[in-house]
S.K.: 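The structure that follows is given in the form of structure tokens.
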Number of protein chains: 2
Amino acid sequence: MIQTPLAAQVTQTLRAQGGRMTAQRRLILDLLQESDSHPTAEELYALARQSDPSLNLSTVYRTLNWLEERGFVSPRRFDDNHAHKHFDPVQPDAGHVHHFHCRNCDRVIEFSAPQVEQLLGQIRGEIARQHGLRVDDAALVLSGLCMDCAASA
Amino acid sequence: MIQTPLAAQVTQTLRAQGGRMTAQRRLILDLLQESDSHPTAEELYALARQSDPSLNLSTVYRTLNWLEERGFVSPRRFDDNHAHKHFDPVQPDAGHVHHFHCRNCDRVIEFSAPQVEQLLGQIRGEIARQHGLRVDDAALVLSGLCMDCAASA
DNA sequence: ACACTATTGCAAATCGTTTGCAATAAACCA
DNA sequence: TGGTTTATTGCAAACGATTTGCAATAGTGT
Ligand SMILES: [Mn+2]
Ligand SMILES: [Mn+2]
Ligand SMILES: [Zn+2]
Ligand SMILES: [Zn+2]
């Protein structure tokens, strides 16, 4: 049985918790892994149904929630007006990754910038001291027009 | 008639567009202005009903959407899992303001960091060149524990 | 192969938000 | 000031995204 890295890792966690690796979960995991974008549940569902037309949308939601609770994906909202959640597979190795969101076509581009990390380091300390709070995480979302949309404007 | 700055400014825009300043709108505007937090439509509705129990929730939504379209408030999602939109009154003068979100009590603290602006300047150019895209805006959301929650942990 | 029970498909429920419509009331004018 | 116009309201129903109860199905360890 071929296992994508994600599916393999999840299977391990699954076993350790008395869970079961099903065909549905494997399918969703594999699609999630190939997808370099940030699919919504519906998008994943549409993709998955090409392989398994009997798959149910609620199974997709349940699987994504299960993955989220165990830290394999994290939910994102790139557009504060957009209702759907996007799911972001978490690569355990990669450092902090930030996102650019095209407000015209909704495309999302990931980027990592050392300067951002550096800045975050500064701000973390500064804001923390100034307001007496503990900063654990930071999400930077840039927005504007992607290459294609900028060209045709 | 007493006018909060926000209500006054909105009234002007309203007039210019053949709109009407109603008691409901004034109430919502005033609550929005006193609120230094980032209320959801439901929260605003609950507050407003203390003054006007006949106010309808759909009026709150319609007013907020109207304000958003004209740039008087902007929607925010501090918790990517939280379904509700929060509404952030826009202060025209203040520079870019960023947000810290306490993952324990959901409190939101605003802060402004000139370094972020500076970084944006850099990144705008760099990321833009590197990926060929146009960056218009940036939202930084820090998360962790607020002062109070950090203390009781 | 069998038993145990986690997971599924399905349908209905829930949540936040939007919409159609008839009644109301701001704004403008005689 | 009272009358006319029409933007805005309250109400109820619709909506889109997500969740849930339940009986049927199918992984897993034996
Ligand atoms: Mn991502
Ligand atoms: Mn704010
Ligand atoms: Zn685009
Ligand atoms: Zn807190």
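Residue numbers begin at 1 in each chain, while the letters A, B, ... track the order of the sequences. Just the heavy atoms: all of them, side chains too, but no hydrogens, waters or symmetry mates, feed the values below.
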S.K.: If I take atom CH2 in residue A:Trp66 and atom C1' in nucleotide C:dT7, what distance separates them, rounded to the nearest angstrom?
M.R.: 12 Å
S.K.: Check the pair A:Leu120 / A:Leu140 against side-chain contact (heavy atoms from CB on, under 4.5 Å), numbers first and verdict last.
M.R.: CA-CA 10 Å; A:Leu120 284 184; A:Leu140 178 64; over 6 Å; no
S.K.: Just wondering, are more than 12 heavy atoms of other shown residues or ligands nearer than 6.0 Å to CD in A:Glu117?
M.R.: yes
S.K.: OP1 or OP2 of D:dT18 sitting under 4.0 Å from any side-chain N/O of A:Asn65?
M.R.: no
S.K.: Donor-acceptor pair under 3.5 Å: do we get one between B:Arg20's side chain and the base of D:dT6?
M.R.: yes
S.K.: Between B:Phe78 and B:His86, does the ring-ring contact (aromatic ring centres under 6.0 Å, His included) criterion hold? Intermediate values first, please.
M.R.: CA-CA 8 Å; B:Phe78 297 112; B:His86 292 249; 5.7 Å; yes
S.K.: Contact class for A:Ser54 (heavy atom, under 4.0 Å): base, sugar-phosphate, or nothing?
M.R.: sugar-phosphate
S.K.: Tell me the interatomic distance from A:Asn56, atom CG, to C:dA11, atom C1', rounded to whole angstroms.
M.R.: 10 Å
S.K.: Report yes if a side-chain nitrogen or oxygen of A:Thr59 is closer than 4.0 Å to either non-bridging phosphate oxygen (OP1 or OP2) of C:dG9; otherwise report no.
M.R.: yes
S.K.: DNA chain D: B:Thr63 or A:Gly19, which has the more 5' nearest nucleotide?
M.R.: B:Thr63
S.K.: Whole angstroms only, please: what is the CZ-C1' distance between B:Arg15 and C:dA26?
M.R.: 10 Å
S.K.: Whole angstroms only, please: what is the CG-P distance between A:Leu57 and D:dT20?
M.R.: 14 Å
S.K.: OH of B:Tyr45 versus P of D:dT9: gap in Å, rounded?
M.R.: 14 Å
S.K.: Can you find a donor-acceptor N/O pair under 3.5 angstrom joining the side chain of B:Arg77 to the base of C:dG16?
M.R.: no
S.K.: Quick one: on DNA chain C, does B:Thr40 or A:Asp52 contact a more 5' nucleotide (nearest heavy atom)?
M.R.: A:Asp52
S.K.: For B:Arg103, is there an ion pair with A:Asp136 - N to carboxylate O distance below 4.0 angstrom?
M.R.: yes
S.K.: Which heavy atom of A:Gln91 sits nearest to which heavy atom of A:Glu110, and what is that distance?
M.R.: NE2-OE1, 4.2 Å
S.K.: Does B:Gln24 put a side-chain nitrogen or oxygen below 4.0 Å from OP1 or OP2 of D:dG10?
M.R.: yes
S.K.: C:dT17, OP1 or OP2 - any side-chain N/O from B:Tyr61 closer than 4.0 Å?
M.R.: yes
S.K.: Tell me the interatomic distance from A:Leu55, atom CG, to C:dG9, atom C1', rounded to whole angstroms.
M.R.: 9 Å
S.K.: Do the side-chain N or O atoms of A:Ser58 get closer than 4.0 angstrom to the phosphate oxygens (OP1, OP2) of D:dT18?
M.R.: no
S.K.: On a plain distance test, is the side chain of B:Arg62 in donor-acceptor contact with the base of D:dT9 below 3.5 Å?
M.R.: no
S.K.: Provide, to the nearest angstrom, the distance between the CD atom belonging to B:Gln17 and the C1' atom belonging to C:dA27.
M.R.: 16 Å
S.K.: When the distance from CZ of B:Arg25 to P of C:dA26 is rounded to whole Å, what number comes out?
M.R.: 12 Å
